Amino acid sequence: MIATTHSLRRALCGFGIAAVLAAASSPAGAAPALEPTIASLAEYVNAGTVPAADGRTPTAIADTGSASGSSSGSAGSRASDAVGEGPEMSAYLPAFAYGLLHPDGAPAGANRWDCKPSAQHPRPVVLLHGTWLNAYDTFSYLSPRLAEAGYCVFTLNYGKSGLLEAGGLGAVLPGRYGVGPMADSSNQVADFVERVRAATGSDQVDIVGHSQGGTIANHYLKFEGGQSKVGKLVTFGATHHGTSLLGIATLGRMINNAGIDIMGFYRPVIGAANVEQAVGSSFYTSLNATGDTVPGVAYTVVGSRYDEVMNPLDLGFLRAGPDATVDNIALQNGCEQDISDHLTMMYSPRAASIALRALDPEGSPTLTCTFNPWFFGGGGSL
């Protein structure tokens with residue numbers, strides 16, 4: 001599906017750049033309104049798609065899939081373990097490249113199934129990646145820090161769905177997961193948590209979720225029996241109340257314009273999870289019908305003012321319901337030099353310190369503050 005090696009190189013650059021340029025693609029105040037439907041998204045993608053080298057123009061079509069057995073009309077999705085620990089990374093782009101070559105690689109420190117929680121950290125930590133990402137390229141910076149701090153760390157690749165299964169544009173590249181129907185992904189997370197509890201002997205886990213991962217965790221808490229099995233939920237750039245389709249659509253358009261020959265330029269389809277994450281979708285109507293939180297869980301919600309996907313900040317924040325606590329945190333409060341965006345947030349020393357403090361306020365009380373560049377990330381340096 002990818003025509004040439006040259007196209008692939010261009011695609012890799014385009015995919016990484018797209019996520020951080022999405023917001024800038026439409027002038028402020030001039031962006032059209034998009035309905036939370038596949039057809040509306042396809043029309044927007046087509047409006048700005050440029051011709052390929054051979055003169056043909058890729059055309060996005062509205063396609064919800066025809067298979068049964070899924071609430072989203074697609075062929076469903078599947079999950080797999082992240083295996084074989086990869087190297088620790090300090091920036092998103094090299095982690096993304098490694099994840100392409102090792103799509104099911106585990107981040108350092110994760111999925112050591114013989115790990116037994118300590119008295120200091122009795123709950124294992126489950127890491128959930130976001131849309132078009134995987135366990136490795138999301139957590140190759142955070143996972144080893146959690147392991148070094150004494151946590152048992154576990155993660156999986158959920159929502160795996162191919163292009164022909166209505167997995168969307170991102171499914172063309174290796175390791176682009178979190179694209180299947182979100183209810184299916186939530187069920188996959190539920191099964192994984194049971195395995196973690198059985199292996200560690202722990203009654204509860206804590207969850208750290210990035211982007212869609214935070215929303216999947218929320219669905220698991222509300223609809224998959226997770227309420228009594230989770231002590232703390234820490235999210236970064238999570239789509240708790242949905243996101244504008246403009247960012248998603250611009251990203252899809254830029255992948256096309258980056259040079260990927262998708263289905264012979266004729267049939268790029270839109271992934272189920274992206275449509276479900278649109279503000280106003282039926283998924284969120286159901287998810288938040290009884291409030292943002294469930295009793296008994298401590299929530300820490302982190303957002304960045306430079307996030308292209310989740311903005312404004314309030315859209316990603318939560319409101320505490322009965323017997324729940326919520327700490328909504330802007331990454332830049334008290335640390336203006338951290339200008340992390342949606343992807344590089346997970347490579348921010350400050351974000352890592354927030355996660356550690358949220359999981360153990362007494363053991364990790366100090367927050368780091370250092371420069372972390374937009375787009376490049378870099379663990380606090382270029």
Side-chain angles (χ1 to χ4, degrees), residues 123 125-131 133 138-139 141-142 146 178 182 185-186 189 204-223 226-227 230-244 247 277 279 283-284 287-335 338-361 364-365 367-369 372:
R123 292 187 298 271
V125 180
V126 174
L127 307 177
L128 301 180
H129 63 78
T131 312
L133 300 170
T138 303
F139 296 113
Y141 181 76
L142 179 62
L146 293 173
M182 292 169 71
S185 295
S186 177
V189 168
Q204 289 188 319
V205 303
D206 291 332
I207 296 178
V208 177
H210 171 245
S211 192
Q212 185 196 155
T215 306
I216 294 297
N218 221 346
H219 190 279
Y220 163 63
L221 288 171
K222 294 178 178 179
F223 299 105
Q227 178 178 345
V230 176
K232 297 181 177 181
L233 172 58
V234 185
T235 68
F236 293 90
T239 57
H240 287 304
H241 297 103
T243 180
S244 165
Q277 287 177 93
V279 172
F283 178 87
Y284 285 106
L287 179 68
N288 297 317
T290 59
D292 289 351
T293 63
V294 299
V297 176
Y299 297 78
T300 300
V301 182
V302 184
S304 172
R305 297 192 187 110
Y306 299 93
D307 192 323
E308 317 82 0
V309 176
M310 278 310 302
N311 58 78
L313 281 176
D314 288 349
L315 194 61
F317 287 163
L318 296 176
R319 294 172 292 277
D323 195 27
T325 62
V326 174
D327 188 9
N328 291 316
I329 301 172
L331 193 62
Q332 287 74 32
N333 283 356
C335 190
D338 190 324
I339 56 174
S340 304
D341 71 310
H342 190 68
L343 296 177
T344 60
M345 186 187 309
M346 300 314 301
Y347 290 83
S348 159
R350 185 168 185 81
S353 69
I354 290 173
L356 287 166
R357 187 179 71 171
L359 295 171
D360 182 9
S364 302
L367 293 184
T368 301
C369 180
N372 199 57

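Only a predicted model underlies this, so the values are computations on that prediction, with no experimental measurement involved. No hydrogens, no waters, no symmetry mates; every other heavy atom, side chains included, goes into these values.
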Check for a donor-acceptor pair, side chain of Thr368 on one end and backbone N or O of Ser353 on the other, with a separation under 3.5 Å.
-> no
Which heavy atom in Leu221 sits nearest to a heavy atom in Tyr299, and how many Å separate them?
-> CD1-OH, 3.7 Å
Looking at Gly316 and Val301, what are the two nearest heavy atoms and their distance?
-> O-CG1, 3.2 Å
Would you say Thr293's side chain and Gly321's backbone share a donor-acceptor pair under 3.5 angstrom?
-> yes
So, the side chain of Thr131 versus the backbone of Gln212: is there a donor-acceptor pair under 3.5 Å, distance only?
-> no
Identify the heavy atoms of Ala324 and Ala320 that sit nearest to each other, and give their distance.
-> O-CB, 3.7 Å
Would you say the side-chain atoms of His219 and Ser186 include a donor-acceptor pair closer than 3.5 Å?
-> yes
Any donor and acceptor pair, going by atom type alone, linking the side chain of Asp206 with main-chain N or O of Lys232 inside 3.5 Å?
-> yes
Minimal non-hydrogen separation, His342 against Gly237, with atom names | CE1-O, 3.2 Å
For Asn372 and Asp338, indicate whether the former's side chain and the latter's backbone hold a donor-acceptor pair under 3.5 Å.
-> no
Of all heavy-atom pairs linking Gln332 and Ser304, the shortest is NE2-OG, 3.1 Å
Give a yes-or-no answer on whether the side chains of Thr215 and Thr239 include a donor-acceptor pair shorter than 3.5 Å.
-> yes
Donor-acceptor contact below 3.5 Å, side chain His129 vs main chain His210 = no
Hey, does the side chain of Arg305 reach the backbone of Ala330 with a donor-acceptor pair shorter than 3.5 angstrom?
-> no
Could you please spell out the steps behind the side chain to side chain contact (heavy atoms under 4.5 Å, CB included) verdict for Tyr284 and Gln277?
-> CA-CA 8 Å; Tyr284 285 106; Gln277 287 177 93; 3.7 Å; yes
Which atom of Ser211 lies closest to which atom of Gly130, heavy atoms considered = CB-CA, 4.1 Å
With side chains defined as the heavy atoms from C-beta onward, is the minimum distance between Val230 and Val205 less than 4.5 Å?
-> yes
Hey, are Thr344 and Asp341 close enough side-chain-wise for a donor-acceptor pair under 3.5 Å?
-> yes
Does Tyr306 use its side chain to pair, donor to acceptor, with the backbone of Met345 at less than 3.5 Å?
-> no
In this structure, which one of Leu127, Leu146, Leu133 forms a side chain to side chain contact (heavy atoms under 4.5 Å, CB included) with Phe139?
-> Leu127
Spatial distance of atom CZ (Arg357) from atom OG (Ser364) [nearest 0.5 Å] = 10.0 Å
To the nearest 0.5 Å, how far apart are CG in Asp307 and CG in Leu343?
-> 8.5 Å
